[in-house]
Amino acid sequence: MKTNPAIAVIGCGYWGQNHVRTLSTLGSLYAVSDQDTKRAQALGAQFDVPALDPEAVLADPSVDGVVLALPPQFHAQVALQAIAAGKHVLIEKPIALNVDDAQQVVAAGKAANLCVMTGHVLRFHPAFELLAEMVSNDTLGAVRYIHSHRLGLGKFHAENDALWDIAPHDLSLIMALTGEEPDTIHGEGTAVHDHLSDFAHLHLTFPGGIRAHVFTSRLNPYRERRLTVIGEKAMAVFDDVAPWNEKLAVYDHRVWSEGAGLQFETAEPRFIAVPDGMPLTRECAHFIDCIQTGKPSRTPAQDGLAVIRILSQGTIAHD
């Protein structure tokens with residue numbers, strides 16, 4: 001009986017290399033594969049695993065699972081090939097570039113009874129897990145509004161704009177907190193350098209009454225990675241750029257009706273202790289556990305499909 005499943009990484013670019021390094025540390029890296037054979041060979045030599053063609057990876061009966069960190073236009077096609085070959089799959093976001101392809105991936109994984117997981121890595125951040133627990137336990141009171149800002153400079157992709165490249169992170173987090181998909185979606189985008197949006201806004205309304213706003217930019221002078229939850233009792237901020245001991249802050253601000261108007265009272269932030277843990281390590285360990293135990297993934301391909309539905313429905317009016 002194998003102690004660890006054998007996992008191959010297909011796509012050895014910037015993020016794929018992070019998967020390679022992490023799976024090697026976890027003892028499950030079996031092989032690497034990339035269209036750039038020299039890059040794959042160098043990475044394989046570095047981590048003492050073979051560099052194989054994608055076809056060889058899928059044909060190898062020793063491979064239990066694959067991580068797909070490809071340009072997103074190839075994710076659905078290769079995922080379907082991997083599922084047909086009987087491999088468990090972790091697909092980086094977005095899992096496809098249209099709803100039909102994403103639905104095919106979900107259906108194929110379900111029919112094959114395989115773990116097909118979306119790479120929504122921030123769902124495994126310890127600070128977000130604590131935030132989700134606060135929402136679930138009603139620590140913040142009824143949630144009224146959620147907004148996220150994910151801003152920075154680059155990366156510029158030939159196929160993906162700021163919405164499709166960046167927003168999946170926050171859409172996954174917001175839907176995890178609300179427990180549902182939005183029923184009203186409005187999007188706006190601005191393209192500065194070419195036809196692809198460098199700035200994008202999404203405005204969301206959920207069936208339960210929560211509203212949300214997502215702002216993404218790949219043309220911003222500073223980095224911001226902030227998710228804010230506005231509750232009736234308190235407000236919380238997950239700031240992934242802040243130092244580790246300030247990643248999660250709770251503000252016990254109060255707002256109440258008095259006479260014909262509203263009154264408010266501010267409070268200093270309470271920083272919540274966040275346990276150590278690298279999100280990618282936790283995500284890969286979760287993938288390994290799902291392969292070993294057959295447990296359902298916390299970020300199944302259905303989550304990736306829900307994100308694609310939002311991105312596709314959010315009509316982006318380019319300025």
Side-chain angles (χ1 to χ4, degrees), residues 5-13 15-16 19-20 23 28-37 40 50-121 123 157-160 164-165 167-169 171-172 175 181 283-284 286-292 294-313:
I7 300 174
V9 177
I10 302 178
C12 298
W15 196 241
H19 275 287
V20 169
L23 287 169
S28 276
L29 182 65
Y30 178 82
V32 296
S33 181
D34 195 274
Q35 188 175 17
D36 184 337
T37 55
L52 305 174
D53 292 334
E55 295 79 8
V57 169
L58 300 184
D60 189 336
S62 296
V63 174
D64 299 301
V66 295
V67 172
L68 304 184
L70 299 160
Q73 62 268 29
F74 302 117
H75 277 160
Q77 173 189 347
V78 180
L80 290 171
Q81 293 171 350
I83 293 168
K87 313 301 184 188
H88 301 278
V89 188
L90 168 55
I91 317 169
E92 272 305 326
K93 57 84 189 168
I95 67 170
L97 293 183
N98 61 69
V99 171
D100 288 344
D101 286 349
Q103 286 176 330
Q104 288 185 48
V105 171
V106 170
K110 189 175 297 185
N113 196 29
L114 293 167
C115 174
V116 182
M117 176 175 161
T118 308
H120 288 154
V121 66
R123 292 278 297 277
H157 301 281
E159 299 287 338
N160 270 8
W164 282 78
D165 183 45
H169 286 297
L171 292 172
S172 170
M175 284 190 288
E181 293 185 43
E283 179 185 61
C284 289
H286 177 70
F287 183 46
I288 290 169
D289 184 58
C290 290
I291 293 173
Q292 290 176 319
K295 294 178 182 176
S297 169
R298 283 167 48 193
T299 58
Q302 288 92 327
D303 283 16
L305 170 59
V307 167
I308 301 302
R309 274 198 286 259
I310 296 172
L311 296 176
S312 298
Q313 292 175 41

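All values reported here derive from a predicted model rather than from experimental measurement.
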_Please evaluate residues Phe287 and Ser297 with respect to the criterion side chain to side chain contact (heavy atoms under 4.5 Å, CB included), reporting the C-alpha separation (whole Å), side-chain torsions for both, the decisive distance (0.1 Å), and the verdict._
CA-CA 7 Å; Phe287 183 46; Ser297 169; over 6 Å; no

Checklist line | From CA spacing to verdict: side chain to side chain contact (heavy atoms under 4.5 Å, CB included), Ile308, Trp164 | finding: CA-CA 9 Å; Ile308 301 302; Trp164 282 78; 3.7 Å; yes

Applying side chain to side chain contact (heavy atoms under 4.5 Å, CB included) to Glu283 and His19, what does each step give before you reach the verdict?
CA-CA 10 Å; Glu283 179 185 61; His19 275 287; 3.8 Å; yes

Open item on the list: Walk me through whether Val307 and Met175 qualify under side chain to side chain contact (heavy atoms under 4.5 Å, CB included).
Closed with: CA-CA 9 Å; Val307 167; Met175 284 190 288; 3.7 Å; yes

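Taking CG of Leu68 as the start and CD of Gln77 as the end, the distance is 11.0 Å to the nearest 0.5 Å. Summarising the geometry, atom CG belonging to Leu305 is positioned 10.0 Å from atom CG belonging to Asp100; distances are rounded to the nearest 0.5 Å. One distance of note links CG of Asp60 with CD of Glu55; it measures 13.0 Å at 0.5 Å rounding. Annotation: the span from His120 atom NE2 to Glu92 atom CD amounts to 8.5 Å, rounded to 0.5 Å. One distance of note links CG of Asn98 with CD of Gln103; it measures 9.0 Å at 0.5 Å rounding. Atom CD1 in Ile288 sits 11.0 Å away from atom SG in Cys115 (nearest 0.5 Å).
Counting all heavy atoms, side chain and backbone alike, Tyr30 lies closest to Pro50 at O-CD, 3.3 Å. Of all heavy-atom pairs spanning Ile83 and Val105, the tightest one is CD1-O, 3.8 Å. Contact between Thr118 and Pro300 at its shortest, heavy atoms only, is OG1-O, 3.0 Å. The two residues Ala96 and Ala76 make their nearest non-hydrogen contact at CB-CB, 4.0 Å. Of all heavy-atom pairs between Ile95 and Gly304, the closest is CD1-C, 3.9 Å. Of all heavy-atom pairs spanning His88 and Leu114, the tightest one is CE1-CD2, 3.6 Å.
Applying the 6.0 Å contact sphere to CD of Gln35 captures no more than 12 heavy atoms from other residues, nucleotides or ligands.
Judged by distance alone, with hydrogens and angles left aside, the side-chain atoms of Arg123 form no donor-acceptor pair with the main-chain N or O of Thr299 at under 3.5 Å. Although no hydrogens or angles enter the test, the distance criterion places a donor-acceptor pair under 3.5 Å between the side chain of Ser28 and the main chain of Pro5. The backbone N or O of Ala56 sits nowhere less than 3.5 Å from a side-chain atom of Asp53 that would complete a donor-acceptor pair. In this structure, Asp64 contributes its side chain and Ile7 its backbone to no donor-acceptor pair below 3.5 Å. In this structure a side-chain-to-backbone donor-acceptor pair under 3.5 Å is present from Asp34 to Asp36. Checked by atom type and distance alone, the side chain of Lys87 pairs as donor or acceptor with a backbone atom of Val63 at under 3.5 Å.
Annotation: salt bridge (charged side-chain N to carboxylate O under 4.0 Å, His left out) contacts of Lys295 (sequence neighbours excluded): Asp289.
Side-chain atoms of Val106 and Val116, non-hydrogen and from C-beta on, never get closer than 4.5 Å to each other. A heavy-atom distance below 4.5 Å is found between the side chains of Leu311 and Leu171.
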